[in-house]
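Here's the structure we're looking at; comments come further down.
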Amino acid sequence: MSSSIANTPRDIVIIGGGIIGCSTAYYLSRHPSFSPSSSIKVVEASKDGPAQGASGKAGGLVAKWAYPKELVNISFAEHVKLAEEHNGKDRWGWRFVNCGSWEGRGVISDEVGSGVGRGGNRKSLEKTLGLNEGHKSSDSVKRRGKGLPDDLRWVDEDLTYSYSPMAPAGDTAQVHPYLFTTSMMDLATERGAELISGRATEVVQSDGKVTGVRLVRLGSDKPEMIPATDVIIAAGAWSPYILPDLPISSTRAHSITIHPQPSVTIAPYVLFTEISLSGATRTRRATPEIYARPNNEVYACGPGDDSELPGNVDDVLVDDSACESIHKHVSSISPELRDGKVDKQQACFLPIVSRGGGPIIGAASQVAKGLFVATGHTCWGICNAPGTAKAISELIFDGKIHSGNLKKLEPSRFL
């Protein structure tokens, strides 16, 4: 570590109060070189505070089989450490879960939609790209030769064609994304970080160096500049609003949450489904993901669509028909979900790196010294946030990443 880097007071501004921004604030506040002479400010545009986009509306899956591997290898272990240190089990619903692929038919009373909203064409979220092909497990007791584990009782056995585990035990976990994100921000605040409600509009620089961030605070129409020695762009799908050259596009994804009847026990499984639905005129295929959560909650999401990104996270529109389709699809294979109460219908935008893979993580020194990028995490933002945040904190305070090799993700490859 360079002593000059470690001992220099830093004014760090993070643009974006999602999981990447809040986790980065946490890791910066825990770095050995962070001191009261430095400051950490998180600028969030939503009037409702952190975690109002994908970070609060995601499934919360944490998996060793996610991608990219070099980032997952840091992040998964950090998730375990965070949960142990801060009682993640009670605070943000941390637990290991079973993960499997379910295939069968659904029973519905009428023709249902595709689960895609009116905003655009259907798009796969490609969440299973990191899985090893052909993983099988014989650890669970199977029922009737269909592969169903003995405790997976909340899907209809008679409608099941097959079930197969997608990853070994211990390779898949979950968090409640909103609780995890807000906890990271709260824990960072305890160490001196500050949350600013406002919309960042520009990274100010002079002589090739970052000098501040221009923003408009919530409830004001007057622009102001806050000084900065280091700026981290972590605004998810909105990151190109700050740095237009970032190759980030967006995909809208709808989801719902369901609370089954109190008498129903929902075993901890994450299911990637393939459901054949026979309607009056044709047979459709639906592929919702279903996540059992603690406290008798179930999360379900459908495919994405390519509707237009609004100017602010608070302006994201929810297509009721897309959410209703998700409910009908999951209800078609589970009486427990059909009879449950739908609590939330929601939508969010995932940041997609449109060329070269991604996500984009590291120093954007070719744009300005002191500028960092942490965005483009697709559907794996919750999973890969701790590794991203740890790497950025090391870059800022140590001048290099010690925890892993993230050269493939450096901004110089994308800008």
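No hydrogens or angles considered: nothing links the side chains of Arg105 and Ser276 as a donor-acceptor pair under 3.5 Å. Looking only at atom types and distance, the side chain of Ser46 has a donor-acceptor partner in the side chain of Asp314 under 3.5 Å away. Of the N and O atoms on the side chains of Arg293 and Gln174, not one donor lies less than 3.5 Å from an acceptor on the other residue. Asp11 and Thr229 are not linked by any side-chain donor-acceptor pair at a separation below 3.5 angstrom, with hydrogens and angles left out of the test. Arg214 and Thr201 share no donor-acceptor pair across their side chains, judged by distance under 3.5 Å alone. Tyr27 and Glu78 share a side-chain donor-acceptor pair at under 3.5 Å. Inspection of the Tyr67 and Asn384 side chains reveals no N or O donor paired with an N or O acceptor under 3.5 Å.
Of all heavy-atom pairs between Ala234 and Ile14, the closest is CB-CG2, 4.3 Å. Taking every heavy atom of both residues into account, Ile196 and Lys41 meet most closely at CD1-CD, 3.7 Å. Residue Ser75 comes nearest to Thr388 through the heavy atom pair OG-N, 4.2 Å, listed as atom of the first residue, atom of the second, then distance. The minimum heavy-atom distance between Ala66 and Cys383, with the atom names listed, is CB-SG, 4.0 Å.
Residues Arg252 and Asp319 form a side-chain contact, since some pair of their non-hydrogen atoms from C-beta on lies under 4.5 Å apart. Lys341 places a side-chain heavy atom less than 4.5 Å from the side chain of Asp343. When side chains are defined from C-beta on, Lys57 does not count as touching Tyr299, because their heavy atoms never get closer than 4.5 Å. At a threshold of 4.5 Å between non-hydrogen side-chain atoms, the residues Thr181 and Ile382 count as touching. Under the 4.5 Å side-chain criterion, counting only non-hydrogen atoms from C-beta, Thr375 is not in contact with Ile20. Counting only heavy atoms from C-beta outward, the side chains of Glu289 and Val270 never approach each other to under 4.5 Å. You'll find the side chain of Ile15 reaches within 4.5 Å of the side chain of Val213, heavy atoms only. Ile275 has its side chain out of reach of Arg285: every pair of non-hydrogen atoms, C-beta onward, lies at least 4.5 Å apart.
For the pair Ser334 (side chain) and Val155 (backbone), a donor-acceptor distance under 3.5 Å is absent. At distances below 3.5 Å, not a single donor-acceptor pair connects side-chain atoms of Asp171 with backbone N or O atoms of Ala167. Proximity of a side-chain donor or acceptor of Thr189 to a complementary backbone N or O of Glu194 within less than 3.5 Å is not detected. Panel note: side chain Ser220, backbone Val216; no donor-acceptor pair is recorded below 3.5 Å. In this structure a side-chain-to-backbone donor-acceptor pair under 3.5 Å is missing from Asn405 to Glu70. The backbone N or O of Ala188 sits nowhere less than 3.5 Å from a side-chain atom of Glu190 that would complete a donor-acceptor pair. With Glu103 contributing its side chain and Thr273 its backbone, the two residues share no donor-acceptor pair below 3.5 Å. With hydrogens and angles disregarded, no donor-acceptor distance shorter than 3.5 Å links the side chain of Lys146 to the backbone of Tyr161. Checked by atom type and distance alone, the side chain of Lys69 pairs as donor or acceptor with a backbone atom of Lys64 at under 3.5 Å.
Just one of Cys301, Cys348, Cys323 meets the side-chain contact (heavy atoms from CB on, under 4.5 Å) condition when paired with Ser255; it is Cys301. Test Ile233, Asn312, Val313 against Trp238 for side-chain contact (heavy atoms from CB on, under 4.5 Å) and you get one pass: Val313.
A tilted orientation is assigned to the rings of His86 and Trp92, their planes being inclined by 30° to 60°. Aromatic ring pairs are classed by plane angle as parallel below 30°, tilted from 30° to 60° and perpendicular above 60°; the pair His79 and Trp94 is parallel. Classification of the Tyr291-Phe272 ring pair by plane angle, with boundaries at 30° and 60°, yields tilted.
Under 4.0 Å is where a charged nitrogen must lie from a carboxylate oxygen, and between Glu394 and Lys400 no such pair does.
Taking the six-membered ring wherever Trp is involved, the centroid distance between the rings of His31 and Tyr26 does not fall below 6.0 Å.
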* To do: Before giving the answer on side chain to side chain contact (heavy atoms under 4.5 Å, CB included), spell out for Asp230 and Ile232 the whole-Å C-alpha distance, their side-chain angles and the decisive distance to 0.1 Å.
  => CA-CA 7 Å; Asp230 306 272; Ile232 304 153; 5.7 Å; no

* To do: Give the C-alpha distance, both sets of side-chain angles, the deciding distance and a yes or no for ring-ring contact (aromatic ring centres under 6.0 Å, His included) between Trp154 and Trp102.
  => CA-CA 12 Å; Trp154 51 268; Trp102 184 95; 9.8 Å; no

